[in-house]
Each structure stands twice: as C-alpha cells, then as structure tokens.
Number of protein chains: 2
Amino acid sequence: MARRSDHSREEIREMALSAAEKIVFEQGYEKLSARKVATAIGYTVGTLYLVFENIDDLILNINARTLDRLHAQMTESPPKPGKAREYLLQLGHVYIRYANEDPHRWAMVFEHRFAEERTIPAWYQEKIARMFAVVEEGIEPLAMGRPREEITQAARAIWGGVHGICILALTDTLGVAGVDSVQELTRSLISNYLKGFTGN
Amino acid sequence: MARRSDHSREEIREMALSAAEKIVFEQGYEKLSARKVATAIGYTVGTLYLVFENIDDLILNINARTLDRLHAQMTESPPKPGKAREYLLQLGHVYIRYANEDPHRWAMVFEHRFAEERTIPAWYQEKIARMFAVVEEGIEPLAMGRPREEITQAARAIWGGVHGICILALTDTLGVAGVDSVQELTRSLISNYLKGFTGN
DNA sequence: CACAACATTGAACAGTGTTCAATATCGAAT
DNA sequence: ATTCGATATTGAACACTGTTCAATGTTGTG
C-alpha cells in the first residue's frame, strides 16, 4: 500500500497526468484507462478517483496542457511589423509541426467526446479562445480598416482550415504522405486565402 | 430464438446497419454497442459476429454508406460551364448541410479510430478519393493550363479546410452558433482561397 | 497511548468486445 | 414419416472498461 502522505494530492495529480500523457503518446488514447494510469504511478483506481472526478476530467486536464504547450510554441516568436504574411504562415507551420510531434495527444483534444451532459469549463474554453486570438492578431495588420467581425471570421476560417488539413492528414484521408506535404498544403491554404482576403 | 432462415445473411447485415445508424443518429457513436444493435434487430450478439468480423467492421460499413450518401448529394446537380465558383461554393454548402443533418454519424467517419493493425480496405479508400475527385473537377475550369499537381493540391487544401471548419463548429470549438454562421465561414474560406488561387 | 481524521485499497457492479460449445431448426435422403 | 447431417442461433464465459464505497491502513494530535 502506498503510504499516506507519500505524495500530496497535487503531486499525485501531476504524476497521473504525466503517466497518462505517456500512455497516450505511446499507445493512443483509446488505450488509456484509469487502471493503467493508476498502476503506472503506483496507486490504485480508487486513489485516481480521489484526485479526478472521472476519466473525462483527467482527459480534459491533459488536453488543457496540450493546448498550453501549443499556445506557448505559437507565441514563441512575436509578429514582426510588416511581415504579417510570413507570421501567419509560420503559425500554420508551428501548428502542423506540433500536431505531428505527438499526433495521439493532439488528436485527443479534438476526438474525445465528453459526455453530453458535462459542460466544458470556462477556463478551458478560454484556452481555445486564446489560440484564435493569436491568429486574429496576426491577421489584423493585413486587414486595416476592416470591421472586427471580418477579422474574426478570417481567423476562424484560416484556423479551421489548417486544422482540417491536419486532421485529414493524420487519418490518412488526404492520400498525402509525410509531414512536408502537409506543410505545403497549409502554406497553400493560408497564402491563397490571404491573397483573396487582402485583394492582391 | 429467431428462426433459422427468417432472414438471409444479407438481410441481417442490412437490418444491423440500419439499426446501428439509428442508434448513432439518436445517441451518438460512443453509445453504439454490439448488444444494442443485436437486440434492436431481434438477434443476439453471436449472430452479429457471424455477419460482421467485429465492431470496427460494422462501423466501417456504416461509414461507407455515409460517404456514399454524401457523394450522391454532392453530385446531384452537375457543374455548369462558366459557373465554377458557384459550383464549388455549392459543394461546400452541401457538405456543411449534410454534416449538420446527422452530426453523430458524420463525425463517426472521422472520429472513429480503427485498430492500428487493421488496414482500411481499398474499396473504402476509393470512396474518399471519389469525393476529392468531385472537388478537383470543380476547380479544373478555374485552373486552365496549370499542372495537375496544383489542382490536386488546391482541392485538398479547400476540402480539408471546409472539413476543419465543420469539425470545429460541431465540437463548439469555434464559438460559432448555428449552421448559418458555419455556412458563412466556408463561403469565406472557399471564395477567398479561389480569389487567391486564380489571381483576382 | 488512544483516537479521530484521512489516505488508500480492492471488491463489486454494470457495461464493453469477442469467442465458441451447446442447442435449435431446417432440408434432404431414406 | 423419420432420421440425420448441416448450419443458424444462442448465451454463457473471458478479459476488459468506468465508477463507487465499505473496509482497512496510516498518521498527527490531544
């Protein structure tokens, strides 16, 4: 039996999240299970349920970390004035690279369906909004004098688009082999959209 | 006990697929189970496994139907000469509408992860290729004299993009309410991409 | 040193996919 | 008609899943 106070609740949480991430990375998220995580950190299921409400709660927290890391990478290098196009292309590049580094964990963010009755907490939705905000800021310099509304729409269209390519690539639906082709596709999407958006 | 020869293998298959589709439509695909399907058609699990290899096989066949119906709707009205832009916008419109009519079943096509060792059969991949072909044909008139390669890429970029918007909308990731806004987003994506692609 | 407080366990329950011996049913041959 | 072989159908069994919670182990404090 693991000794009481061997680890604080916070420590157990952390250990569980890391162990779970490792399982998802190595075996995919359908292979994730409460017992596996518990065993991996040297506890039993019961303890896991003391620290997480349920499996959805655990997954939500992994996803939150995934989004955090992605956001960190996206904001690593700030937009340079006069290079808005390049910046947006770079954002796309970062996104694809990130998804490709750990496809299983990335996919979990979008594939896991939470029980319908369970509402996604505000702090989590905030993380998603934050990502769209980065794209919006990137577009802004290219949309001088256009209504906020249009910028928001452009950000959503582009980001949804990049995301879709990424998903289809990862599920082998695109008939595209290799990361490089995916990078090319997103370049095509972003640069052509922007050409159309800015009108030249 | 259901009488032997009450239904042929083919009939049971058909009944099972329909029953399963109904369950997915009404309750979502995570609520789908072999026993539920079997009960719904008045048989037991064992019989289901006589007619389908396993649950993945059943799902694959539902997905095949979903793709067939989508393809049928996409090719319902043929492209009119000189109206390529409108045609592509309409394709996007049809796609979004279709996904929205039965989100659960549509999502299953892209969300269900088949066991890694199991390879997706050629006849199934053909159905996907067929869909991209429709888009490619739609783009062709706008890409006079450009290499095949570029047309293929454009089709993939656009379709991946539409798909991504659709997914994000269905998972409430876009913060977009209602089908209409999604339709607007895809219009934005397609028309701006095409503007960029054709150069005006 | 005892006791209250709490951390941890693991058995139990209802569900899942999957298999396969046992059984029920039928068509054909005698 | 009766029997018999072929096969359609069943349902119990297995190993797994998430989840709960009484029981038990461990600890700090009075």
Side-chain angles (χ1 to χ4, degrees), chain A residues 1-17 19-21 23-24 26-63 104 108 111-118, chain B residues 1-17 19-21 23-24 26-63 104 108 111-118:
Chain A
M1 201 195 229
R3 289 261 169 90
R4 156 179 177 161
S5 299
D6 261 7
H7 306 97
S8 70
R9 264 168 146 69
E10 240 349 286
E11 281 172 329
I12 294 178
R13 250 185 105 83
E14 180 61 33
M15 287 160 64
L17 287 174
E21 277 176 343
I23 293 170
V24 172
E26 287 169 353
Q27 308 173 236
Y29 106 104
E30 44 284 312
K31 301 282 183 183
L32 184 68
S33 87
R35 281 173 185 81
K36 261 190 203 166
V37 174
T39 305
I41 62 171
Y43 282 84
T44 56
V45 254
T47 302
L48 211 59
Y49 276 82
L50 215 84
V51 159
F52 294 100
E53 251 181 80
N54 47 43
I55 266 283
D56 274 7
D57 185 26
L58 197 165
I59 292 176
L60 188 85
N61 278 278
I62 298 177
N63 288 351
H104 285 142
M108 195 166 76
E111 279 177 10
H112 181 66
R113 280 266 180 270
F114 294 95
E116 295 219 0
E117 62 277 11
R118 202 176 302 281
Chain B
M1 197 194 233
R3 291 261 167 91
R4 155 179 178 159
S5 299
D6 262 5
H7 307 96
S8 70
R9 264 176 205 288
E10 240 351 286
E11 280 172 330
I12 294 179
R13 250 184 106 84
E14 181 61 33
M15 287 160 63
L17 287 174
E21 277 175 344
I23 293 169
V24 173
E26 287 168 354
Q27 308 172 237
Y29 107 103
E30 46 283 311
K31 301 283 183 183
L32 184 67
S33 87
R35 283 174 183 80
K36 262 190 203 165
V37 175
T39 306
I41 64 171
Y43 281 83
T44 56
V45 255
T47 302
L48 211 59
Y49 277 81
L50 216 84
V51 159
F52 294 99
E53 251 181 80
N54 46 44
I55 266 284
D56 275 8
D57 185 25
L58 196 165
I59 291 176
L60 188 85
N61 277 279
I62 299 177
N63 288 351
H104 285 141
M108 193 165 77
E111 278 178 10
H112 180 68
R113 280 265 179 274
F114 294 95
E116 296 220 359
E117 61 277 10
R118 202 176 303 282

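Treat the numbers as computed from the prediction; the structure is a model and nothing was measured. The sequence lines fix the lettering, A, B, ..., with proteins before strands; numbering per chain opens at 1.
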Yes or no on side chain to side chain contact (heavy atoms under 4.5 Å, CB included) for B:L60 and B:F52, after CA distance, side-chain angles and deciding distance? CA-CA 10 Å; B:L60 188 85; B:F52 294 99; over 6 Å; no
Could you walk me through whether B:I41 and B:H7 pass the side chain to side chain contact (heavy atoms under 4.5 Å, CB included) test, one step at a time? CA-CA 11 Å; B:I41 64 171; B:H7 307 96; over 6 Å; no
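The side chain of B:T44 approaches D:dT10 more closely than any other nucleotide in the set D:dT10, C:dA11, C:dA7. Of the listed nucleotides (C:dA7, D:dT19, C:dT19), C:dA7 has the atom at the smallest distance from the side chain of A:R9.
Side-chain atoms of A:F114 and A:D57, non-hydrogen and from C-beta on, never get closer than 4.5 Å to each other.
Close to C:dA7, at under 4.0 Å from its OP1 or OP2, lies no side-chain N or O of A:T47. Contact check, A:S33 against D:dT17: a side-chain N or O comes under 4.0 Å of OP1 or OP2.
Atom CE in B:M15 sits roughly 10 Å away from atom P in D:dT9 (whole-Å rounding). The nearest whole Å value for the distance from the NE2 atom in B:H7 to the C1' atom in D:dT7 is 17 Å. Rounded to a whole Å, the OH atom of A:Y49 is 13 Å from the P atom of D:dC21. For the pair B:R118 CZ and C:dG17 P, the interatomic distance rounds to 13 Å; values are reported in whole Å. In this structure, CG of A:N54 is placed 11 Å from P of D:dG18, rounded to the nearest angstrom. Here C:dT16 presents its C1' atom at 13 Å from CG of B:D56, a figure rounded to the nearest Å. If you measure from atom OH of B:Y43 to atom P of C:dA24, you get 17 Å, rounded to the nearest angstrom. Atom NZ of B:K31 and atom P of C:dG17 are 13 Å apart (whole Å).
Nearest heavy-atom pair across A:A20 and A:L58 is CB-CD2, 3.7 Å. Residue B:Y49 comes nearest to B:N54 through the heavy atom pair CE2-CA, 3.8 Å, listed as atom of the first residue, atom of the second, then distance.
Among the atoms of the strands shown, none is found under 4.0 Å from any heavy atom of A:L58. Backbone-only contact: A:L32 has heavy atoms under 4.0 Å from sugar-phosphate atoms and none from a base.
Comparing A:K36 and B:I12 along DNA chain D, the residue whose closest nucleotide (by nearest heavy atom) sits nearer the 5' end is B:I12.
In this model, a side-chain donor or acceptor of B:R35 finds a partner on the base of C:dT18 within 3.5 Å.
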